[in-house]
Amino acid sequence: MHELIEKTLKEASSFFQNFLIHEYSEKTSLHLVDPRLKLIGTFLLIILAISTFLVEKIIVLIASSLILVSFSKISLRKFISRTWLFPVFSFIIMIPLIIANLNNVTYSIIFALRVFTAISLIQLFIMTTKFNEIVFALQYFRVPKALTQMVWITYRYIILMFSEILRILLAREARRIKESSHIESIKKAGNSLGLFFIRTYERAERINLAIMARGEITFSKKTFLRFDAESNLKLESEVVDGGADEEADGVSKLKSPYKSERSKELEFTLKKLDKIYLIYIVVTILIWVMV
Amino acid sequence: MKVIEVKDVSYIYPDGSIGVKKASLDVYENERLAILGANGSGKSTLLMIMAGLLKPTRGEVRIFGLTPERKNLKIIRKKVGIVFQDPDDFLFNPTVRDELLHVPLQLEWSKEKIELRVSEISKLFGLDDILEKPPFRISGGEKKKVAIASVVITNPDILIIDEPTANIDGKSRREIIKIMKNYSGTLIFTTHELEIVKEIASRVVIMNLKKEVVLTSLVDTLREDFLKEMGII
Amino acid sequence: MHIPDGYLDMKIAILFFILSSIVIAISLKKIRNFNTPLIGTISAAIFAAQMLNWPIPGGTSAHFVGGAFAGIILGPYAGCLAMTAVLIIQSFVYGDGGLISLGANIWNMAVVNVFSGYLIYQVLRKYGEKLASFIAGWLGITLAGISAGIQLGVSVSFKYALPVAVLTMGFWHALLGIIEGLITSAVVSYISAHSPYMIKESVDKKVVIAIISLVILSPIFAYSSEMVNYSEPLENTAKVLGVAEMQKYTGIFPDYSIPGLGYIGTVSGIVGVLILLLIAKALSMRG
């Protein structure tokens, strides 16, 4: 069991870094593009990537996604560190084919490149889109609400559940003196998991009551994009005005015309970003078709 | 005026265990009611029943004269706000700001009103710095404050808080007590701390380990040796 | 077992997207009186349990998948939805498993694994909780692996022949499945001893049988969908005989890209632009 806990903890930190990638990556203009557009764009480009074996076409897509990476100020090193593993793995599993017939070298390389392209596109999407935006986009594209709610609840409670599992396992480990065999420790840890699931069931009931008390979770554009971008803008304006924005509570009402002008401006910027993204994707697709 | 009437209410959980046994009590407008009892005496269950969340297995509960039936729930939910003991059960939105907006958006408040109220509440609770953070990435004290803030934001007529100060550091504790003291509506809460009862409550209800309501009394006439005997302090 | 994008042919990916959607739709319909927070919370718990890194003799480690477990605890429908939620998060948060192949991954781990695990457990339950849940866990994951092997094997993009892919995936998962079975058995027996009301009793058999037969028929669908759009019958037979590699390549995959895939690719490119423009239009109208 000791080994189980150690190994799990070792992997968990990188896992959570993935989970919270938005807290680690800086906000860029690609973050502000409408998540629905980004989802569709990503989807289409992946479809293009996996429906060809022509190396030129794949290179077009790789170049396109790398240009987006550099424009969105994501560090290239971080990006590669998140994408290299699968393609390399894909090439390795093709080695027996290469040994059987050397002609398969080109196939294997292109196969790995296709995988790399698809993974890059997904990672680019993931690194610039928060999960609640993704859920919002899924809901917009008619994924049933019951399912999106479920997905959100799952996402929200993963970290809590993980720390609960760990607490239960550690509690058992803390009072373990005798060494046990592999099978034995799987059984014991399995029992701990059983306890964990029983507790989860009880918690689920309470969460259900909380949602009954407060109403369902809704995902609207209102609740994230605008506010997010607005606070970004506010930050900028504060830097410009030297933080002269500090005013008493009552004054905030008077400020509202200024604010609405601000948000109009913001809406305009957002629309412009959406348009630029759209044109970029269309151009990529057209080049892909023509090559 | 009675705002909540609980008459001979029993609640039995689906697994057969008893939640509350034959409880009767009334809650009056604008009073501050503390529910005391040892761990496992059914306080939380009673609160859920008083909020109209759990339907009593036997007996009757009336909230503003309404039974917790489907057709009345909308009014009850608007008038009664409940904060759960474990904020992790309670906070499920993407950011702290979304938590605060959760109910106001359902009430379809105007944009200006929402903005004004959010800034008021976040100042009152000191949440300005964590508004954009996900609620599962903040400290325990902050979680509790956010949970309370997300209910207080609409000023419900009745505010029910389960263990407002359990597992919380001194600063957050003082802030929460201050907010509860300043709350103008009816307040119902559970606690294990006698100081808080003396500071905030006007009346107490005591439950025993058989999940029964054994006593209601004014705070001034509360006897400490009785509380010790009950295992509450 | 998460299949990334690029391994499966488009046709296969789309086919399994459709099949999975059907099962998800049925499940959503069937669980109407079930509460979604419960399923969401349990799937968060399964997700967290998947993060545990079980050491196995020889220095490597294995992960619990929990498909059969979800079926046993939540019943097949809610279990299928819980696993679907897990898989959606894995592909949209970690990039584990692709977007286009998400349908196929849901099919393997949320349909095949959950429904077969559930059925095996229900059938064997009379021989004892422990045995039934062990076999459900072990066989459930093995069948899911075989299903993934079939999807990969029939795909032209993935060059290994069907028998190779199925045997490799099946064997590997049957081996790792032992751990899955042991964990499933320990968890289920603990729960059934301490809080038996959590374990879902049997549900409407007809629908389950219908879905299981869909599972059994799916390889045939997959195979026949590969047959469509094939211009060269000769190449076709060659593929069946496993001698497709005998052809000479002058350029880079001229055989595949020009008559078959390339054509589809160009069409999908044009369709893609159209869809994108339409959506942009719709979005700008909504503000």
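Chain letters run A, B, ... following the sequence lines, proteins first and then strands; every chain starts at 1.
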Counting only non-hydrogen atoms closer than 4.5 Å, does A/Ile217 touch chain B with its backbone (N, CA, C, O), its side chain (CB onward), both, or neither? both
Classify the angle between the aromatic ring planes of B/Tyr13 and B/Tyr11 as parallel (below 30°), tilted (30 to 60°) or perpendicular (above 60°). perpendicular
Interchain contact, B/Phe90 with chain A, by part (heavy-atom threshold 4.5 Å): both
Measuring heavy-atom distances to chain B, does A/Glu216 have an atom under 4.5 Å in its side chain, in its backbone, in both, or in neither? backbone
Under 4.5 Å between any side-chain heavy atoms of B/Lys22 and B/Ser10, yes or no? yes
Between A/Glu164 and A/Arg199, does any side-chain N to carboxylate O distance fall below 4.0 Å? no
Shorter than 4.5 Å, heavy atoms on both sides: which option in B/Val103, B/Asn93, B/Ile82 has the most such pairs with chain A? B/Asn93
Engaged part of B/Leu73 at the chain A interface, taking heavy atoms whose separation is under 4.5 Å: neither
Distance to the ring centre below 6.0 angstrom and angle to the axis at most 45 degrees; does that hold for A/Lys38 and A/Tyr277? no
Interface moiety of A/Leu209 toward chain B, non-hydrogen atoms closer than 4.5 Å: both
Rounded to the nearest 0.5 angstrom, the OG-CD1 distance for B/Ser44 and B/Ile49 is 11.0 Å
